[in-house]
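What follows is a short report on a single structure.
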Amino acid sequence: MAKAYVFPGQGAQFVGMGKDLYESNPKAKELFDKANEILGYRITDIMFEGTDEDLKQTKVTQPAVFLHSVITALCLDDFKPDMVAGHSLGEFSALTAAGALTFEDGLRLVYARAMAMQRACEAAPSTMAAVIGMADDVIEKICAEVSKEGCVVVPANYNSPGQVVISGNVEAVKEACAKLKEAGAKRALPLAVGGAFHSPLMEMARVELAKAIEAAPVSQPNCSVYQNVDALPHTDPAEIKANLLKQLTAPVRWTQSVQHMLADGMTEFVECGPGTVLTGLIGRILKM
């Protein structure tokens, strides 16, 4: 029996997230209050009683989802993972829950990442789209055909078989969606996101975040962390840091991560964080 804990990324948030935990668990309350101090504003007010619009801002969403996920895990009585993984932002939650980062360092790093990504989003009009019912290699081929100098689109999230998110400049994403539908995709839908995450358009954010990741004290985690960039298990702090930095401009290989965890003996998944997005994706991967 091997238990894997998984942590969601941006998009899983909802108003009211974490409020029950805050009100019912003294340890959770202490950690949420500490987060307010570290960030210098009451993120709990936005999480518990803010508007959807406030919560959707990248600089708020990322620390909010991180806090809900990590605090949920740390407040479990039986949190003893054999392996962990997180989707995009969730990788920082996974590393923190597994002891590679302290709660404080993890939160500071996530906030630095969120601010860097927000600035990159504001620098160029960009977006993402979900492609349903199309083989990975066809998506990769069409993205490569559409991309040109100064106008790129790439696969960004390999979420499950038949579900890939593409990312890039607005016009390139629009053109790729049209071509993918022509090629037989069931759907190719633009997503309501602030920018082109996990694409070359995040290079500005990657450069900005490099110093923060380099300075962050990363320890050996208590278990293997399956990282997004290569979908493989890692415990070496230097490798973990390098992969965290690459993650900003590289695709999230979630399907492959789950497949590798299964091959390594995983028998049970537990999702920590708002919603059940990853549980749904894992269900589809298991049906392959």
Side-chain angles (χ1 to χ4, degrees), residues 3-14 17-18 21-22 25 27-28 31-32 34-35 38-39 43-44 47 55 58-76 79-117 157 159 197-198 209 212-213 216-229 231 233-235 237 240-241 243-245 247-248 252-254 257-258 261 266 269-279 281-282:
K3 192 182 279 192
Y5 287 81
V6 294
F7 298 81
Q10 197 164 336
Q13 71 278 0
F14 61 88
M17 59 192 268
L21 204 52
Y22 183 88
N25 188 305
K27 183 178 179 181
L31 289 169
F32 275 121
K34 186 184 280 188
I38 291 167
L39 295 173
I43 193 170
T44 49
M47 289 172 69
L55 198 53
T58 294
K59 63 185 181 185
V60 175
T61 311
Q62 292 195 21
V65 172
F66 169 85
L67 287 171
H68 186 283
S69 302
V70 172
I71 292 171
T72 296
L74 296 181
C75 289
L76 292 173
F79 184 69
K80 290 188 179 67
D82 297 299
M83 49 187 88
V84 295
H87 190 290
S88 187
L89 155 75
E91 189 162 284
F92 290 78
S93 309
L95 286 163
T96 304
L101 287 162
T102 65
F103 177 77
E104 295 84 351
D105 288 333
L107 178 56
R108 288 190 186 99
L109 208 46
V110 162
Y111 189 61
R113 179 183 189 265
M115 295 302 287
M117 288 174 77
N157 300 342
N159 284 336
F197 304 140
H198 303 289
L209 195 61
I213 287 179
V218 174
S219 308
Q220 188 166 326
N222 303 324
C223 64
S224 292
V225 181
Y226 288 70
Q227 291 193 271
N228 291 174
V229 292
H234 292 276
T235 55
I240 287 169
K241 280 188 176 190
N243 288 337
L244 278 181
L245 194 54
Q247 192 222 61
L248 276 178
V252 172
R253 300 189 178 278
W254 186 252
S257 297
V258 173
M261 285 190 274
M266 189 287 310
F269 280 105
V270 180
E271 184 166 0
C272 290
T276 56
V277 172
L278 297 183
T279 303
L281 294 179
I282 289 163

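Just so we're clear, the structure is a prediction, and the values are computed from it rather than from any experiment. Scope of the values below: all heavy atoms of this structure, side chains included, with no hydrogens, waters or symmetry mates.
- At a threshold of 4.5 Å between non-hydrogen side-chain atoms, the residues Val6 and Cys272 do not count as touching.
- Residues Pro8 and Ser69 form a side-chain contact, since some pair of their non-hydrogen atoms from C-beta on lies under 4.5 Å apart.
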*Go through the steps to decide whether Phe103 and Leu67 satisfy the test side-chain contact (heavy atoms from CB on, under 4.5 Å), and finish with yes or no.*
CA-CA 9 Å; Phe103 177 77; Leu67 287 171; 3.5 Å; yes
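- With rounding to the nearest 0.5 angstrom, the CD1 atom of Ile213 is 4.5 Å from the CG atom of Leu245.
- Listed by chain and residue number, Gln220, Pro221, Ser224 satisfy the side chain to side chain contact (heavy atoms under 4.5 Å, CB included) test with Thr235 (two or more places apart in sequence, or in another chain).
- Rounding to the nearest 0.5 angstrom, the gap separating the CG atom in Asp82 from the CE atom in Met261 is 12.0 Å.
- The side chain to side chain contact (heavy atoms under 4.5 Å, CB included) test applied to Met17 returns Gln13, Phe14, Met47, Leu55, Ala64, Val65, His68, Pro274, not counting sequence neighbours.
- Scanning for side chain to side chain donor-acceptor pair (under 3.5 Å) contacts around Tyr111 gives an empty result, with sequence neighbours left out.
- Under the side chain to side chain donor-acceptor pair (under 3.5 Å) criterion, Glu271 pairs with Thr279, sequence neighbours left out.
- Evaluation of the side chain to side chain contact (heavy atoms under 4.5 Å, CB included) rule for Ala231 yields Arg253, Gln256, Ser257, His260 as partners, not counting sequence neighbours.
- Listed by first then second residue, pairs satisfying salt bridge (charged side-chain N to carboxylate O under 4.0 Å, His left out) with a partner in residues 97-107 read Lys34-Glu104, Asp105-Arg108, not counting sequence neighbours.
- The side chain to side chain contact (heavy atoms under 4.5 Å, CB included) test applied to Val277 returns Leu281, not counting sequence neighbours.
- Within a 6.0 Å radius of NZ in Lys59, other residues, nucleotides and ligands contribute 12 heavy atoms or fewer.
- By the ring pair (Phe, Tyr, Trp, His ring centres under 6.0 Å) test, Phe79 is found to be paired with Tyr5, residues two or more places apart in sequence or in another chain being considered.
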N/O donor to acceptor pairs below 3.5 angstrom from side-chain atoms of residues 83-97, sequence neighbours left out:
| unit_1 | atom_1 | unit_2 | atom_2 | d |
| --- | --- | --- | --- | --- |
| His87 | NE2 | Asn159 | OD1 | 2.8 |
| Ser88 | OG | Arg113 | NH2 | 3.4 |
| Ser88 | OG | His198 | NE2 | 2.6 |
| Glu91 | OE1 | Asn228 | N | 2.6 |
| Glu91 | OE1 | Asn228 | ND2 | 3.3 |
| Glu91 | OE2 | Gln227 | NE2 | 3.2 |
| Thr96 | OG1 | Phe92 | O | 2.8 |

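- Using a 4.5 Å cut-off on side-chain heavy atoms (C-beta onward), Phe269 and Lys3 make no contact.
- Residues passing the salt bridge (charged side-chain N to carboxylate O under 4.0 Å, His left out) test with Lys27: none are found, sequence neighbours excluded.
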